[in-house]
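For the single chain, residues carry numbers from 1 onward in sequence order.
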Amino acid sequence: MTFELSHLVIVSIGYLLLLFLTAFATERGYLPAKIANHPVTYVLSLGVYASAWAFYGTVGLAHQYGFLFLAYYLGICGAFLLAPVLLIPILRITQTYQLASLADLFTFRFRSSWAGTLTTLFMLFTVLPLLALQIQAVTDTTQILTQHAMPEKLALGFCIVIIAFAILFGARHIACGKKHAGLVVAIAFETLIKLIAILIIGGYALFVVFSGPVDMQGWLNDHTSALAALQTPLDEGPWRTLLLVFFASAIVMPHMFHMCFTENQSRNALSVASWGLPLLLLLLSISIPPILWAGLKLNNPTHPEYFTIGIGLASQAPWLSLLGYIGGLSAASALIIVTTLSLSAMVLNHIVLPTVQPQGSQNLYQWLLNIRRILIVLIILAGYGFYRLLGAEQDLSNLGIVAFVGALQFLPGVLSVLYWPQGNHKGFICGLMIGFIIWTITLLAPLLMDLPQPSLVNALLNYWGLDSNTEPWHIAAIGSLLINTLVFIVVSLVTQMPDAELSAANACAVDNMHRPARKELSVCTPQDFQAALSKPLGSHMAQQEVDRALTDLSYSYDERRPYALRRLRDRLEANLSGLMGPAVAKDIVDTFLPFKHNNEGYVSEDIQFIESRLERYRSQLTGLAAELDGLRRYHRQTLESLPLAICTLGKDHEVLMWNEAMSQLTGIDAPQIIGSYLEDVSEPWQSLLHRIIQHTNNHLHKQQLVINNEPRWINAHKAAIPSITSFSNHNPITTNAQKMLNQSASIQQANAGGFVILLEDQTEAQIMAEKLLHSQRLASIGQLAAGVAHEIGNPVTAIACLAQELEAESVDPLTTEMASQIVTQTKRISNIVQSLVNFAHSGSTPKLIPNVEQVNLSTTIDEAIKLISLKQQDKAVHFINDCDQSIVIQGIAQRLLQVFINLLNNARDASPDQGKITITSSICQQGLSAQQKHYAIISVIDQGDGISEANQRHVFEPFFTTKDPGEGTGLGLAMVFNIVREHSGRITIKSPLQQTPPFGTQVSVWLPIDMER
């Protein structure tokens, strides 16, 4: 039973087209995103690990090593079960710094372009046997099914088809940091196909070839050798080495690294894969023993590696053989496509770009895309060339073992990335080269030249007392890995690590936190970034990359803060790393976006970045680290919540902290100013902070500022923060002389790593002090005025006498009128002097002066309005006298006139320009019927802002005023209160009159009247 070659070609191309349409539909959004981004889809995409070797070769591995074939599945299961301590930390690094391959990871960690270049070159040699395995598997199965006599042409045709689909899958556009959702879905679909295929073939072997588990058990009882071979004791086989080899392949193989980390959507997907992938591999492996035993029962003439299709041929079931062919094609094509895409990016970033410098004037995106397409072609053709070089006569298991042992040499480097920060690039490169030299001599060279194992391996076998059954590849794997690791450790310990590499090691280490230096950039704006990057990238690409970095960080083109510009630089380097590799990206950024060289050598840690990282990874901290972080957060919250304004400045005057009280005092929000330099702080705060920093005294009191045309008084205090080196070199044992020296302000300031500044707003205290001083001054004047009041009376009396004599003797009417006015005003002066005398006798009960008279309140108010109108002011108000003209009381007209003058004057001061002041009157009676009293209530109503409840309790106290110093004495209402009490009345205040502007105030004077009169 054979198949037509043309039929298989049509089936193959049709299947690959189906995969492409699946990827195309996903990228166009035809497939729901819920399915494309589902963790199950991601788990299935990791099935790319199960290559043609898993579909075909593991049957041969089981025939050769028995149950040791399970090591192929258990090794990677172990790696994924350790995802929290192995895979997830690597995922964090790759996503943070946009690392797309193992070479990118090593270049970033060891800060060496040679690390990336050697990794790329050695990985190319490592995967060539694996690519040849896939090509040979598809070619052999095609030859078995069609009996075609020219496998070379079949292989070349398969490679050409795969080249086309590899370009369609991953090289239709440049990555630019995006995930290939279509590729992930297509690979997941391929995994589903080969899972279904191998389960159907295994089910056919169990239920058709053996007629069920009972029949299979009976056959095994009759053929004990088959079962015994499968149950070879583990101690007799290299199972530990196999587990280690396949464990390493889960991390370092390019197709696995690409699907695990580069195409990963989230940490949650990798967490699901930690148990989902072992379950998937269990389903793939469960069919291997029934397929092996079914092939042996049928005396299948094919090699055990191809029992998967041989069962269908022996059973005359062409559909089963075709299903096995499609499953193998799916497994092989998936691995070749993903491996080629990953390797093309590695070669582009670490071999081509460091060698060939493209011109910035050309379209770099298109140039990178074309080069990557060329590399895809060359890598697949290299795999085909390696296949031809081998002569298509190698076992699949042998090819797979050689490839996976070569990948094992990268394991020490991966583990050092996470758990050994002391390892350096010299140790890594030396160890890697030694390991690959041993691998090449012991495994690769014999494979290419079809030679027996070198005498060195045989000598080692004899020296260790191992029998001839021990596999040479086992010794080669252990020996190369052991020597690789020892050289790595020894060279790293005897050589020094550069500062840049140490920083990268800290960024990658699981138990450490990346603490970047806080340096000043030579560029000051995003526009400067774009202009600088236009030289190496071209204006179009530079603009796109700066735009993308600003979008990632949610920054705008107006950003000027040094902290934000440093984050922008880091983001640009990460994005360019994903596009061109970390070595080229770092070279571009260091060359065209350099840091300034500080003459003082001042460099401190980027506190804001460290705190943002701590907040991001706070949920991952445990034990003492979590407790220390809790203590940090407590102290940070304490500083933020303090009612005192506090800010922290670096030695270069960068604002590191700005608490809430400081924001309220200055009106500058913390997010706007943190990370900026002191020169970006608005006036007058910038001048004040400069003043306190430069002053030799740590305390400045009552610094007067003008804010919004109003004076403010601020107390400023500072304390020097010791630099990081001061902390690290701190000696707890110091002499008294050293302590005294350290207390010197100049010494502290010279050695400071920064400053903490505290500001106190003393404005209210200063105003209250000035008011108290003014009140004391007025009180002294009042006491002096009371003391000389009697002396004032003598000249006033003389003036009054002369005016009366002039009035009596003058015949001129005008002179007589003027003399009369002089007499009237001298009486008023006498009354005022008498009031001052009464104020001087505070505490005594005022008594009504006996010279009372009939006083018409409406007439008195009119006279007060006339007198007030004589005083010129900037604003004009309108007085409306609605007082009843019939209201007459017993009192002293001049004293009552003084009352209304003061009330109307205060009302005018409180009212706005063109405001209205209304005077109303009413009659009210109070008391029991036998002792009823009638009161005339005179109310003065203004349109001012009202009087607060607190001030209403003090307005009648002498020398209390809310007016600015020099504009009021605080005696007016006190005098009014005293005069009203002399007339047996009272005064009340209602303020505000309404809840909306103008609020208004009503001052009511209650004066008793005699209704019988």
Side-chain angles (χ1 to χ4, degrees), residues 817 820-821 824-825 827-828 831-832 835 852-925 934-947 955-956 968 972-994 997-1011 1013:
E817 177 65 23
S820 176
Q821 288 292 331
T824 302
Q825 294 305 319
K827 290 182 180 179
R828 184 179 172 191
N831 292 334
I832 293 174
S835 296
V852 296
E853 55 185 325
Q854 296 285 336
V855 179
N856 188 300
L857 294 181
S858 178
T859 303
T860 304
I861 292 171
D862 285 337
E863 185 179 354
I865 292 174
K866 290 179 182 179
L867 292 175
I868 289 176
S869 299
L870 296 176
K871 181 180 180 181
Q872 300 296 324
Q873 283 193 339
D874 294 337
K875 60 183 177 181
V877 296
H878 304 284
F879 294 96
I880 302 174
N881 185 3
D882 290 337
C883 185
D884 189 350
Q885 297 183 358
S886 63
I887 298 178
V888 178
I889 67 167
Q890 294 288 327
I892 304 173
Q894 287 296 330
R895 304 293 293 271
L896 292 176
L897 178 62
Q898 188 67 33
V899 167
F900 294 118
I901 287 175
N902 278 280
L903 292 181
L904 294 176
N905 189 51
N906 288 341
R908 181 171 63 175
D909 291 341
S911 296
D913 190 26
Q914 302 300 324
K916 293 190 300 182
I917 299 174
T918 306
I919 303 96
T920 63
S921 65
S922 63
I923 303 297
C924 177
Q925 60 182 21
H934 293 80
Y935 290 91
I937 304 174
I938 310 300
S939 298
V940 178
I941 304 171
D942 62 42
Q943 294 180 331
D945 294 331
I947 304 174
V955 292
F956 298 117
L973 287 179
M975 182 180 297
V976 167
F977 181 78
N978 194 41
I979 293 173
V980 171
R981 286 182 62 191
E982 288 178 354
H983 286 76
S984 300
R986 67 178 185 271
I987 186 170
T988 60
I989 296 177
K990 182 179 180 181
S991 182
L993 289 179
Q994 56 187 13
F999 300 101
T1001 299
Q1002 175 180 298
V1003 180
S1004 300
V1005 178
W1006 297 53
L1007 297 172
I1009 59 177
D1010 187 357
M1011 296 300 295
R1013 294 179 183 243

- [ ] In sequence, state the C-alpha distance, the side-chain angles, and the governing distance for F900 and E863, and then conclude on side-chain contact (heavy atoms from CB on, under 4.5 Å).
- [x] CA-CA 9 Å; F900 294 118; E863 185 179 354; over 6 Å; no
Open item on the list: Taking side chain to side chain contact (heavy atoms under 4.5 Å, CB included) as the definition, give me every residue that meets it alongside Q885, ordered by chain and number, with sequence neighbours left out.
Closed with: S858
Task: Within-4.5 Å side-chain heavy-atom neighbours: V976 and V1003 - done: no
Task: Minimal non-hydrogen separation, N902 against Q898, with atom names - done: ND2-O, 2.8 Å
- [ ] Report the residues that fulfil side chain to side chain contact (heavy atoms under 4.5 Å, CB included) with I937, sequence neighbours left out, ordered by chain and then residue number.
- [x] S922, C924, S939, S1004, W1006
- [ ] Dump the intermediate steps for side-chain contact (heavy atoms from CB on, under 4.5 Å) on L904 and I919, then the final yes or no.
- [x] CA-CA 9 Å; L904 294 176; I919 303 96; 3.8 Å; yes
Task: Listed partners of F879 passing ring-ring contact (aromatic ring centres under 6.0 Å, His included), at least two apart - done: none
- [ ] List the steps and the verdict of side-chain contact (heavy atoms from CB on, under 4.5 Å) for L903 and I938.
- [x] CA-CA 11 Å; L903 292 181; I938 310 300; over 6 Å; no
TODO: Using modelled atom types only, decide if a donor and an acceptor are shared between the side chain of T824 and the backbone of S820 within a distance under 3.5 Å.
DONE: yes
Task: Donor-acceptor pair, side chain of D884 and main chain of I887, under 3.5 angstrom - done: no
Task: Contact summary for R895 and H983, nearest pair of heavy atoms - done: CB-CE1, 4.1 Å
TODO: Starting at CD1 of I880, measure out to OG1 of T918 and round the result to the nearest 0.5 Å.
DONE: 4.5 Å
Open item on the list: Can you tell me how far apart OG1 (T859) and CG (L896) are? Round to the nearest 0.5 Å.
Closed with: 12.5 Å
Open item on the list: Keeping D942 on the side-chain end and T1001 on the backbone end, is there a donor-acceptor pair under 3.5 Å?
Closed with: yes
Task: Closest contact, heavy atoms only, A893 versus E853 - done: N-OE2, 3.3 Å
- [ ] Could you tell me which non-hydrogen atom of G1000 sits nearest to which non-hydrogen atom of S991, and how far apart they are?
- [x] O-OG, 3.6 Å
- [ ] Let me know which of I923, L857, V888 forms a side chain to side chain contact (heavy atoms under 4.5 Å, CB included) with I1009.
- [x] I923
Open item on the list: Restricting to non-hydrogen atoms, name the atom on Y935 and the atom on P1008 that form the minimum distance, rounded to 0.1 Å.
Closed with: CD2-N, 3.7 Å
Task: Distance-minimising heavy-atom pair for I901 and A864 - done: CG1-CB, 3.8 Å
Task: Atom CG of D862: over 12 foreign heavy atoms under 6.0 Å - done: yes
Task: I861 side, atom CD1; N881 side, atom CG - distance, nearest 0.5 Å - done: 5.0 Å
